[in-house]
2 protein chains.
Amino acid sequence: MTSFTEENYLKIIYKLSAETDSEISTNAVAELTQTKAASVTDMLRKLSEKQLVIYQKYQGVRLTKKGETVALKVIRKHRLWEVFLVDKLGFNWDEVHEIAEELEHINSDKLVQQLDEFLGFPQFDPHGDPIPDKHGRMPESAYKNLSEILINQEVVMMGVAQHSTNFLQYLAKIGLHLGVNIYIVEINDFDKSLTIKIEGSTQCFISYEVAKNLLVKSISMDED
Amino acid sequence: MTSFTEENYLKIIYKLSAETDSEISTNAVAELTQTKAASVTDMLRKLSEKQLVIYQKYQGVRLTKKGETVALKVIRKHRLWEVFLVDKLGFNWDEVHEIAEELEHINSDKLVQQLDEFLGFPQFDPHGDPIPDKHGRMPESAYKNLSEILINQEVVMMGVAQHSTNFLQYLAKIGLHLGVNIYIVEINDFDKSLTIKIEGSTQCFISYEVAKNLLVKSISMDED
DNA sequence: ATATTTTTTTAGATTTGTCTAAAATTGATT
DNA sequence: AATCAATTTTAGACAAATCTAAAAAAATAT
């Protein structure tokens, strides 16, 4: 059995692994778990004994198959609960992360199964993140970062790569909601910042930092 | 803030208080928390420092107003989640207790509020227990124990006073479901055991122990 | 009213997950 | 290659919640 805390470590290591190909550093984990490096070292040793991660001191860490399975289950639960909160209980997408952080640790295979069915087997959570199926398989997400899109090419806003309440509320303020059509009016060569046009709203200016965190799909491949 | 564990103690003290008028003993709490008396003593001291209970050593314990409020919130959440699991996710009433024991500790006023609304502000959980409203008020439950009912008086099965999976599965086996009509055919003076007739089924024999844990209402006050 | 039994509390230890401060290792710089 | 800086680990401590065994108090019985 894996504890609440162990599950959080595994989830965080999984997320960090998705970004880099090499081992994850102790400090990187410490930052996301909001703990100190010394605590992480202790936990990594423990997870290693349980065969959930490959860890050698000073060499960083990566998940074993077994650890990845646990992480994917937690992520699956997190994202399903987010769908529940938004679709069924009427929460805004920027309010659900913290609650889902608690719900994701409830243990019952039947609960997850029934919830999935109740929600209509959703493939993506309210932020556009893919939901692993019960075998841990992720649906193909054909989304791109807005920062990779050409000028004047119309795209649909499909998700975000960052979930902080701050960021999501900023998007709401400038009128960037899921499903809205947008296109790039101008790219500033100097700092890669963008002027974009949001359908049914005025133009607005966003930094490269923000653009990198926006997931969109082209209008052409609209059916899904 | 109250921890998961503290909330469990408060909930259990609340339930024991509903049955007796006097102070609750350390041993009684230990039995329901599945811990040893020594652990209970420690926790009672801690809860007392937090002003959640009145406790003097060797004198037993009772909840303060503040402690009662916390307990009622936990019970409210537990029962609302049980309704969700049965009504929305299709669980049987004998499968939901353990899952609700975990869900009841999720902390978010908005979550509880929205869940309540989503479920249509239910007054009773799937076992027939009353659900406290958001101010901690219990709906009037006009149910009686089957053990108080007269021979031949037709009543409707409305709930149970005990939730162990064992007990609920036993009821299912003998055909005692929520909402079914029953009446007492015969009372055995010797041990107060009963022969009852279940509508659409054969007669069956139940012990006084079982009868005490069955909640029923008279047919006459049938509307609501 | 004294002795015995039961209940409750204390004392000291354990587990989980965390911390700080110091030591060890790695890696970067000259 | 030697030094310095950054990262990581060790050592020892702490808080929460639990335990066992022994002591203290209360309840019961003789």
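Within every chain, numbering begins at 1; the chains are lettered A, B, ... in the order of the sequence lines, protein sequences first and strands thereafter. All values derive from a computational prediction rather than experimental measurement. In what follows, every heavy atom counts, from backbone to side chain, and hydrogens, waters and symmetry copies are set aside.
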Which residues pass the side chain to side chain contact (heavy atoms under 4.5 Å, CB included) test with A:Val160, not counting sequence neighbours?
A:Trp93, A:His127, A:Met157, A:His163, A:Phe167, A:Leu168, A:Leu171, A:Leu214
Within the pair B:Arg45 and C:dT10, is there a side-chain N or O less than 4.0 Å away from OP1 or OP2?
yes
Ignoring backbone atoms, establish whether B:Asn27 has a side-chain N or O less than 4.0 Å from OP1 or OP2 of C:dT6.
no
To the nearest angstrom, how far is A:Asp42 atom CG from D:dT9 atom C1'?
9 Å
Nucleic acid contacts of residues 31-40 of chain B, taken as heavy-atom distances under 4.0 Å to DNA chain C
B:Ala37, B:Ala38
Residues in side chain to side chain donor-acceptor pair (under 3.5 Å) contact with B:Asn188, at least two apart in sequence or another chain
none
Sequence neighbours excluded, the answer for ring-ring contact (aromatic ring centres under 6.0 Å, His included) partners of A:His105 is A:Phe4
Below 4.0 angstrom, which residues in residues 18-26 of chain A have at least one non-hydrogen atom near DNA chain D?
A:Ser25, A:Thr26
Checking B:Asp87 now: which residues fulfil side chain to side chain contact (heavy atoms under 4.5 Å, CB included) with it, not counting sequence neighbours?
B:Val83
Spacing of B:Gln59 atom CD relative to D:dA24 atom P, expressed in whole Å:
18 Å
Atom CE of B:Met43 to atom P of D:dA15: distance rounded to whole Å?
16 Å
So which pairs with a foot in residues 34-44 of chain B pass side chain to side chain donor-acceptor pair (under 3.5 Å), sequence neighbours left out?
B:Thr33-B:Thr35
For B:Ala37, check side chain to side chain contact (heavy atoms under 4.5 Å, CB included) against everything at least two apart and list the hits.
B:Thr26, B:Asn27
Please enumerate all residues that pass side chain to side chain contact (heavy atoms under 4.5 Å, CB included) together with B:Gln59, with sequence neighbours excluded.
B:Gln56
Is the distance from OP1 or OP2 of D:dT7 to the nearest side-chain N or O of A:Lys57 less than 4.0 Å?
no
Rounded to whole angstroms, how far apart are CD on A:Gln56 and C1' on C:dT26?
15 Å
Check every atom of C:dC19, C:dT8, D:dT18 against the side chain of B:Thr41 and return the nucleotide holding the closest atom.
C:dT8
Could you work out, with salt bridge (charged side-chain N to carboxylate O under 4.0 Å, His left out) as the rule, every residue matching A:Lys212, not counting sequence neighbours?
A:Glu209
Under the rule for side chain to side chain donor-acceptor pair (under 3.5 Å), what residues qualify as partners of A:Thr5, not counting sequence neighbours?
none
Does the structure place the NZ or CZ of A:Lys88 under 6.0 Å from the centre of the six-membered ring of B:Phe118, at an angle of no more than 45° from the ring's axis?
no
Using a cut-off of strictly less than 4.0 Å, decide whether B:Tyr55 has a side-chain nitrogen or oxygen near OP1 or OP2 of C:dT9.
yes
D:dA23 OP1/OP2 closer than 4.0 Å to side-chain N/O of B:Tyr58:
no
Sorted by number, the residues of residues 1-8 of chain B with heavy-atom contact under 4.0 Å to DNA chain D:
B:Ser3, B:Thr5
Side chain to side chain donor-acceptor pair (under 3.5 Å) between B:Ser193 and B:Asp191, intermediate numbers included
CA-CA 5 Å; B:Ser193 63; B:Asp191 64 356; 2.7 Å; yes
